[in-house]
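A short worksheet on the structure shown next.
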Amino acid sequence: MTTTGLATASVTEVAESGRLHYLDHLRALAMLAGVFFHAALAYSPLMSGFFPTADRQNSVWVDGVAWGLHLVRMPLFFLVAGFFAAWLLQQRGGAALARQRLRRILVPFLVAWPLVWVSLSAGIVWAASNVQHPSALLAMVRDWMQMPDPPQGPPPTTMHLWFLYYLLLFGVLHWVLRTFDLGRVGAWLMARPAAVLLGLPLLVWPALAAVSAPHPAPESFLPQFWAVVFYGAFFALGTQLHGHPDWLDRLRRHVPWMLPACIVLYAAFLWRLSAELPAVANPLVPPVASWGVAALEACLAVWGTVLCLLAGRRWLDRPNPVLRYFAQGSYWTYLLHLPLLFAVQYVLMDLEWHWPIKFAVASAVTLAGCLLSYQLLVRHTRLRRFVG
């Protein structure tokens, strides 16, 4: 379910021109939100039945905040990635974009995937054997391990690296659309901001109605059609935003209704989740979202992401060395944070600390470990060309 701060071109390279600081800073904040989101899932009542680090303590307040982050964090990442893919294509051409995709996406994916898979798998096995107060998932793994003929484990998935997987896919689709000159439809839509605000939720609504709510991470190696439609819509919006820099300015007049609408719709979304999910017979197989909940998710994802862009343009479009550093380390943090976070939370599960303390400790230790290792291993080494 991850975060990365990946725009497939160097956001900092563009931001240093003094024009696009806000995208760099939004990327940094989205990276931080990703760490906090994954840390919070351990204390989410909604995830208690099937999250490996689910703690004995949880709070409805966690769900109240976490799913708001979930609805806009990854759409924002894909939008930023689409913007800088279009920028790199315009500035350096298709061959440079292809080389950069191979170096910045494919190579890190191929190197990181086996390491992440082994570390997460080993962590679950260790926790199932050693944690005294296991989550429901760890308890199930422990029971399997004690069987004389245990069932076969789940097939490998892309885990939180699914973002890289779909960026590669969208890179190919982006090239196809440009080859057949299908961008004229996007240009027509960008000239009509209200059409995007109303049409994009309608486009992604059926996709979200095909999966559970809140929508899951598409971790399968087989591309998920719903994820191609949902996240691809935001990637495409990012490519169009690059070609229409005045689009955000024309959206400002819609803020007076978008902001209160998001507040009301998010309250309705949380209410419908609480009403529909208690009827789940098997928490490991969540039900498909109702069309009503999917409609709420679609509107919140689109309008919430647009509001984040407008807020970033308004308040973050200036140099900030702290956010710039977080943005530079966001790719490395994305790759490393989940195995490190889980390792920390497995240790915390047996402690009697109150859940906010556990959450703060897990988040702080994970961020510190990721940024320290980035400083030592990446920032001043050749690895920066790949994950810096």
**Study point:** Trp226 and Pro206, any side-chain heavy atoms less than 4.5 Å apart
**Key:** no
Check your understanding: When you look at Thr158 and Phe109, which way does the side-chain contact (heavy atoms from CB on, under 4.5 Å) test go after all the steps?
Key -> CA-CA 9 Å; Thr158 58; Phe109 178 83; 4.2 Å; yes
Review point. Less than 4.5 Å apart, any side-chain heavy atom of Pro223 and any of Tyr165?
Key: yes
**Study point:** Arg318 side chain vs Tyr22 backbone, donor-acceptor pair below 3.5 Å
**Key:** no
Point to revise | Least distance between heavy atoms, Pro45 atom then Asp63 atom | key: CD-OD2, 3.2 Å
Check your understanding: Is the ring centre of Trp303 less than 6.0 Å from the ring centre of Trp257?
Key -> yes
Practice item. Taking atom types as modelled, find out whether Ser48 and Asn58 have a side-chain donor-acceptor pair closer than 3.5 angstrom. Key: no
Review point. Quick check: does any side chain N or O of His70 sit under 3.5 Å from a backbone N or O of His215, one acting as donor and the other as acceptor?
Key: yes
Point to revise | Geometric class of the Phe221/Trp113 ring pair [parallel <30°, tilted 30-60°, perpendicular >60°] | key: perpendicular
Check your understanding: Between His160 and Leu335, which heavy-atom pair has the shortest distance, and what is it?
Key -> NE2-O, 3.3 Å
Check your understanding: Does a salt bridge link Arg56 with Glu352, judged by any charged N lying under 4.0 Å from a carboxylate O?
Key -> yes
Practice item. Keeping the roles fixed (side chain from Asp24, backbone from Arg324), state whether a donor-acceptor pair exists under 3.5 Å. Key: no
Study note, to complete from the structure: What one should report as the nearest heavy-atom pair of Pro319 and His21 is CG-NE2, 3.8 Å
**Study point:** Under 3.5 Å: donor-acceptor pair, side chain of His25, backbone of Leu316
**Key:** yes
Study note, to complete from the structure: Rounding to 0.5 Å, atoms CD1 (Ile105) and OH (Tyr331) come to a distance of 6.0 Å
Point to revise | Atom pair CE (Met258) and CG (Leu310), whose distance is rounded to the nearest 0.5 Å | key: 5.5 Å
Exercise for review: Would you indicate whether the side-chain heavy atoms of Asn130 and Tyr346 approach each other to under 4.5 Å?
Suggested key: no
Review point. Can you check whether Val211 reaches Gln224 side chain to side chain, under 4.5 Å on heavy atoms?
Key: no
Practice item. Return yes if a side-chain donor-acceptor contact under 3.5 Å exists between Gln375 and Tyr325, otherwise no. Key: yes
Practice item. Find the distance between CZ (Arg313) and CG (Leu26) and round it off to the nearest 0.5 Å. Key: 11.5 Å
Revision key, fill the gap. Distance col, row Leu248:CG vs Arg252:CZ, nearest 0.5 angstrom, shows 8.0 Å
Exercise for review: Flag yes if more than 12 heavy atoms outside Trp126 fall under 6.0 Å of its CH2 atom; otherwise flag no.
Suggested key: yes
Review point. Can you tell me how far CD1 of Ile124 sits from OG of Ser135, rounded to the nearest 0.5 angstrom?
Key: 8.5 Å
Exercise for review: Using atom types as modelled and distance alone, determine if a side-chain donor or acceptor of Arg73 lies under 3.5 Å from a backbone N or O of Ala30.
Suggested key: no
Practice item. Compute the centroid of each ring, for Phe234 and then for Phe170, and state whether the two points are separated by less than 6.0 Å. Key: no
Revision key, fill the gap. Between Leu237 and the options Leu79, Leu309, Val302, the side-chain contact (heavy atoms from CB on, under 4.5 Å) test singles out Leu79
Review point. Does Phe78 have its ring centroid less than 6.0 Å away from the ring centroid of Tyr231?
Key: yes
Check your understanding: Is Asp317 paired with Arg314 through a side-chain N to carboxylate O contact shorter than 4.0 Å?
Key -> no
Review point. Do Val118 and Val141 belong together in a cluster built from hydrophobic side chains that touch within less than 4.5 Å?
Key: no
**Study point:** Main-chain N/O of Pro108 paired with Arg103 side-chain donor or acceptor, under 3.5 Å
**Key:** no
Check your understanding: Under a 4.5 Å cut-off applied to non-hydrogen side-chain atoms, are Ser274 and Trp271 in contact?
Key -> yes
**Study point:** Nearest-0.5 Å distance that lies between atom CZ in Phe51 and atom CG in Leu41
**Key:** 4.5 Å
Practice item. Go through the steps to decide whether Val228 and Leu173 satisfy the test side-chain contact (heavy atoms from CB on, under 4.5 Å), and finish with yes or no. Key: CA-CA 10 Å; Val228 172; Leu173 293 177; 4.3 Å; yes
Practice item. Please state whether the rings of Phe235 and His174 are parallel, tilted or perpendicular, taking 30° and 60° as the class boundaries. Key: perpendicular
Point to revise | Side chain to side chain, Phe83 and Thr239, heavy atoms closer than 4.5 Å | key: no
Point to revise | Evaluation steps, side-chain contact (heavy atoms from CB on, under 4.5 Å), between Cys262 and Leu307 | key: CA-CA 9 Å; Cys262 283; Leu307 287 172; 3.8 Å; yes
**Study point:** Pair Leu338-Met159, side-chain contact (heavy atoms from CB on, under 4.5 Å): steps then yes or no
**Key:** CA-CA 10 Å; Leu338 204 60; Met159 302 162 294; 5.8 Å; no
Check your understanding: Within a strict 4.5 Å, meaning less than it, do heavy atoms of the Val172 and Leu168 side chains meet?
Key -> no
Review point. Counting N and O atoms only, with roles assigned by atom type, does the side chain of Trp205 sit under 3.5 Å from a partner on the main chain of Leu200, one being a donor and the other an acceptor?
Key: no
Review point. Taking all non-hydrogen atoms of both residues, which atom of Val347 and which atom of Leu351 are closest, and how far apart?
Key: O-CG, 4.0 Å
Exercise for review: Identify whether the distance between the nearest side-chain nitrogen and carboxylate oxygen of Lys358 and Asp55 falls below 4.0 Å.
Suggested key: yes
Point to revise | Sub-4.5 Å side-chain heavy-atom contact between Trp332 and Val378 | key: yes
Exercise for review: Measure from the ring center of Phe37 to the ring center of Trp67 and say whether it is less than 6.0 Å.
Suggested key: yes
